[in-house]
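Report on the structure given below.
Quick note on labels: first sequence line is chain A, next is B, and so on, each numbered from 1.
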Amino acid sequence: MDDVHKRFGGVVALDGVRLEVAPGEVHALVGENGAGKSTLMKVLSGVERPDAGSMRFDGREWRPAGPVEARRAGVAVVHQELALAPHLTIAENVVLGSEPGTGMLGRFGPSRRGEAARLASSALERLGHGHLDPNRLVSTLTPATRQLVEIARAIAFEARVIVMDEPTSSLGRRDTERLLQVVRRLRDEGISVVFISHHLEEILAVADRWTVLRDGRTVDTGLMDSIDEAGLVERMIGRSLDAVFPERREDFGEMVLRVRGLAGHRLPLHADLDLRKGEIVGLAGLVGSGRSELLRSIAGLDPVRSGSVELRGRVLPRTASPRDRLQRGIGLLSEDRKGEGLALRMNVGENLLLPRLAPACRRGVLSGRLMRDITRKWTERLSVRSGAFDRRVGTLSGGNQQKIAIARLLHLDSDILLLDEPTRGIDIGSKVQVYELLDRLAREGRAIVVASGHLPELMGLCDRIAVMHRGRLGPARPAAGLTESDLMSEAVMGRERNEESAA
Amino acid sequence: MSDVAMKTTEAGESWIVRIGRLAAPFLGLLVVIGVFTAIEPEAFLSVRNGQTIAIQTVVVGIGAIGMCFVIIAGGIDLSIGSVIALAGVVAAMMLDAGQGPTVAILAAAATGIACGVVNGGLITGLRIPPFIVTLGMLGIARGLAKLLADNQRIAPPPDSIGWLEGFVDKTPDATWLLVAPAVWAFLGVAILAGLVLRKTPFGVHVVAIGSSEPTARLCGVRVTRTKIMVYALCGLAAGLAGAVLLGRLGVGDPTTAVGLELQIIAAVVIGGASLSGGEGGILGTMIGAFMLSSLDAGCNLAGIDNSIQDIIIGGIIVAAVTIDGIRHRGT
């Protein structure tokens with residue numbers, strides 16, 4: 001594909017894309033959401049027509065009239081949303097739309113089930129899953145197996161290029177590994193695979209070459225051997241990784257939160273923590289060390305057994321409810337975004353305004369227009385794409401969901417932000433935006449605690465970092481003087497033993 | 001990508017979903033009306049029958065408004081039939097003791113609220129599932145009603161019922177009202193309930209608790225207090241329904257309204273509410289209640305046995321819940 005352009009109305013989706021895929025290679029196509037990957041694949045498979053540019057397949061001009069023609073000619077797409085008929089069998093799905101001819105009656109004649117089953121079986125065999133019964137109903141299969149059926153459908157009709165659009169997004173770790181194995185088999189058969197994924201580790205594991213798209217343009221392309229994860233990320237976001245993290249802040253304000261000897265019913269066992277205005281403090285530690293529980297105890301969501309939380313010099317009563325604490329400015333971002341952080345079935349506006357509906361009320365009655373206006377103010381400020389007020393939160397991407405959850409804290413005007421895994425499960429572009437946002441908030445004078453299992457993130461973002469080990473929180477030390485291995489060994493061994501072994 | 005096209009569907013989504021949710025009960029209602037019009041064209045479409053259906057809708061409908069809040073908050077109240085009977089008995093005792101109908105209605109309402117507060121208090125305080133707590137209350141309220149009434153009907157002097165009788169009379173004295181004054185009052189209550197649910201912070205909190213209780217708690221919603229209020233509201237609805245029933249029957253009958261909770265829950269679920277909480281609406285619930293009382297009146301006219309009617313209602317509940325399940329699998 002050379003210099004392909006595509007516009008939708010006034011929106012330029014593709015603005016000069018180059019993509020070359022050699023026979024028998026796995027070609028990774030990466031880019032942020034909205035970079036144009038999906039559009040490019042639609043153009044390639046004939047769903048959309050390019051406005052300009054040329055495409056060549058096997059040396060000849062490539063202009064498929066539609067996906068069916070593209071598939072017949074050897075270019076097949078395995079979709080993100082699985083495109084199988086659940087009430088048909090594996091074999092029926094494999095031959096769907098291309099049923100083997102049945103003599104004079106054509107497709108109205110009796111379907112040749114035996115041949116369809118044989119075709120399906122041999123295709124599955126080639127994928128290393130010959131044991132699957134082609135007469136099983138697709139609705140009885142797991143998502144991972146359905147994906148195999150889609151791939152089988154592609155290769156049963158001699159596909160030479162298979163495009164996989166986020167094939168692992170709905171798979172667990174083991175199924176993902178199995179899928180990567182299938183991808184390697186396809187390559188070994190001489191089939192080209194265009195592999196679209198957010199998960200860079202999969203790309204590093206399976207791809208031979210890479211192409212990065214940004215804002216509808218091909219940014220760069222090269223051999224997989226010549227690049228690492230950081231290099232890919234830098235090209236995706238368009239700047240060096242050093243610039244991912246904002247510069248550290250100086251000039252902190254007065255102490256706003258002082259935690260002394262805080263212990264919950266199970267976790268944490270003992271935590272001391274000081275937090276000043278304008279500062280970001282990181283909580284490191286292994287999963288299960290009690291990071292989340294500490295934040296939840298401060299927010300009043302987990303019961304406290306002993307210890308004290310002092311807010312701007314005044315001790316909070318231990319029984320203060322989450323509501324009391326919210327009203328005094330302590331806001332928590334839950335680590336469990338889908339279960340606790342957001343009500344997925346409610347819309348964006350309701351989720352955002354839920355803790356403080358009063359500003360959207362006129363004489364105690366909610367005003368749709370006020371709700372809409374306030375929601376729009378925040379979604380624009382946090383650049384939430386497609387954050388329409390009445391859209392269900394469950395239909396948003398992880399990054400946009402997280403921004404809504406953070407926007408809620410800002411709407412509450414919380415000045416102490418307790419953020420539990422604020423960038424978990426969101427794409428790299430949103431991560432960078434979250435980092436920038438947190439930096440801005442800190443500079444505005446809010447005090448922020450970030451708990452994260454990702455050490456580079458804490459090192460890049462925080463002013464001080466404390467390590468949690470088995471429910472006990474170590475002292476918070478300036479991040480500038482720490483190394484990742486310091487933090488890791490303290491997280492694994494605890495502070496005393498770590499120091500002994502160092503001594 | 002095709003952002004322009006997507007946005008229009010997104011903005012329209014909630015409307016499409018909302019209309020879709022109302023379409024099913026509305027179609028059901030049309031089917032019921034159609035079937036009985038075919039069987040008994042003259043009797044079913046008569047003014048008299050319309051008046052009967054309207055006043056019958058009031059008892060199920062008032063209860064269903066309360067139940068609607070409970071179900072949207074992710075709970076269930078199985079005790080509502082028994083509480084209706086208990087409230088009716090208490091109101092009849094008031095009339096019998098020489099009090100006026102206003103005091104009797106207030107007593108019925110207070111009885112219902114008390115039962116609701118106990119329900120809500122046990123559910124939130126002891127963290128017992130609402131199914132169990134209200135199943136217990138189903139027995140307790142029924143037993144209490146029988147105890148108070150000494151296992152008999154309480155028949156207050158006919159004139160003591162006073163204005164309440166005319167209020168629920170299906171052929172009103174003022175013919176321009178067309179249906180019993182209680183029907184109009186009920187419609188007013190329904191509109192008010194709809195506004196409370198959609199247009200007040202309380203309503204949003206109820207929906208939030210039903211959608212995701214942890215989220216509500218995280219956001220500082222007073223979950224315990226709101227839930228108790230929701231069950232109290234349902235109790236209040238039961239109390240008022242009991243008073244209406246007393247007005248219609250003229251006696252406080254401790255054995256009345258057995259199994260009515262199923263009809264009431266059915267009305268709410270037919271109306272598009274999800275038994276897993278967070279979804280539902282007053283308008284749909286009203287359509288559901290109207291459909292059930294049409295079914296009731298139609299069966300009576302056509303001489304269909306009560307037992308058959310029970311079977312039909314049971315089938316409708318299963319169908320409605322199945323549709324609800326399918327809808328959720330889709331999203």
Side-chain angles (χ1 to χ4, degrees), chain A residues 6 8-11 13 33-34 36-39 42 48 296 299-301 321-327 331-334 336 338-347 349-351 353-358 360-361 364-368 371 385-386 388-395 405 408 412, chain B residues 1-18 21 72-74 192 194-226 273-274 276-280 324 326-331:
Chain A
K6 174 74 195 173
F8 294 98
V11 184
N33 287 335
K37 293 166 299 189
S38 299
T39 311
K42 282 184 184 156
E48 304 277 359
R296 298 178 67 80
L301 286 161
S321 69
R323 182 189 181 82
D324 297 336
R325 296 176 197 231
L326 270 180
Q327 283 172 346
L332 176 79
L333 183 81
S334 173
D336 179 9
K338 288 172 196 274
E340 179 178 48
L342 296 168
L344 296 182
R345 287 210 229 149
M346 295 178 85
N347 65 34
E350 287 166 339
N351 266 288
L353 299 173
L354 184 56
R356 198 162 73 98
L357 287 158
C361 288
V365 177
L366 283 171
S367 142
M371 286 182 84
R385 278 188 211 141
S386 53
F389 155 84
D390 53 3
R391 192 170 166 181
R392 278 192 178 199
V393 161
T395 66
R408 175 199 284 154
L412 263 168
Chain B
M1 262 194 14
S2 45
D3 241 21
V4 187
M6 275 171 69
K7 264 190 192 124
T8 48
T9 50
E10 277 152 21
E13 179 189 68
S14 62
W15 275 107
I16 293 167
V17 169
R18 218 174 285 171
R21 190 171 299 144
I72 289 175
L192 189 68
L195 288 177
V196 167
L197 186 61
R198 294 287 162 223
K199 288 285 170 192
T200 65
F202 172 76
V204 175
H205 290 170
V206 170
V207 177
I209 290 170
S211 303
S212 171
E213 200 174 316
T215 308
R217 186 162 283 133
L218 176 79
C219 289
V221 174
R222 295 186 180 105
V223 174
T224 303
R225 183 195 292 194
T226 307
S274 164
S276 45
E279 283 176 12
D324 175 53
I326 293 169
R327 209 164 48 213
H328 280 122
R329 235 173 288 151
T331 51

Exercise. Go through the atoms of A/Leu357 and report whether side chain, backbone, both or neither lie under 4.5 Å from a heavy atom of chain B.
Key: side chain

Quiz item: Can B/Glu279 and A/Arg392 be counted as an ion pair, charged N to O under 4.0 angstrom?
Solution: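 Counted as a salt bridge, because a side-chain N and a carboxylate O are separated by less than 4.0 Å.
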
Is the closest side-chain heavy-atom distance between [X] and [Y] below 4.5 Å?
{"X": "A/Arg408", "Y": "B/Cys219", "value": "yes"}
{"X": "B/Ser212", "Y": "A/Leu342", "value": "no"}
{"X": "B/Thr215", "Y": "A/Met346", "value": "no"}
{"X": "A/Leu354", "Y": "B/Val204", "value": "yes"}

Exercise. Select, from B/Val196, B/Val207, B/Leu218, B/Leu195, the one with the greatest count of heavy-atom pairs under 4.5 Å involving chain A.
Key: B/Leu218

Quiz item: Which residue out of B/Gly278, B/Ala216, B/Pro214 racks up the most heavy-atom pairs below 4.5 Å with chain A?
Solution: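 Of B/Gly278, B/Ala216, B/Pro214, B/Pro214 has the most heavy-atom pairs under 4.5 Å with chain A.
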
Quiz prompt | Distance-minimising heavy-atom pair for A/Leu366 and B/Arg198 | solution =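 Where A/Leu366 meets B/Arg198 most closely, the heavy atoms are CD1-O, 4.1 Å.
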
Quiz prompt | Separation of B/Arg217 CZ from A/Glu340 CD (nearest 0.5 Å) | solution = 9.5 Å

Quiz item: What residues form a side chain to side chain donor-acceptor pair (under 3.5 Å) with B/Ser211, not counting sequence neighbours?
Solution: none

Quiz prompt | Sequence-distant partners of A/Ser321, side chain to side chain donor-acceptor pair (under 3.5 Å), two or more places apart | solution = A/Asp324

Quiz item: Hey, are B/Ser276 and A/Arg345 close enough side-chain-wise for a donor-acceptor pair under 3.5 Å?
Solution: yes

Exercise. Heavy-atom pairs under 4.5 Å with chain B are the metric here; pick the option from A/Gly341, A/Pro322, A/Ala299 that has the most.
Key: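 Among the listed options, the one with the most contacts to chain B is A/Gly341.
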
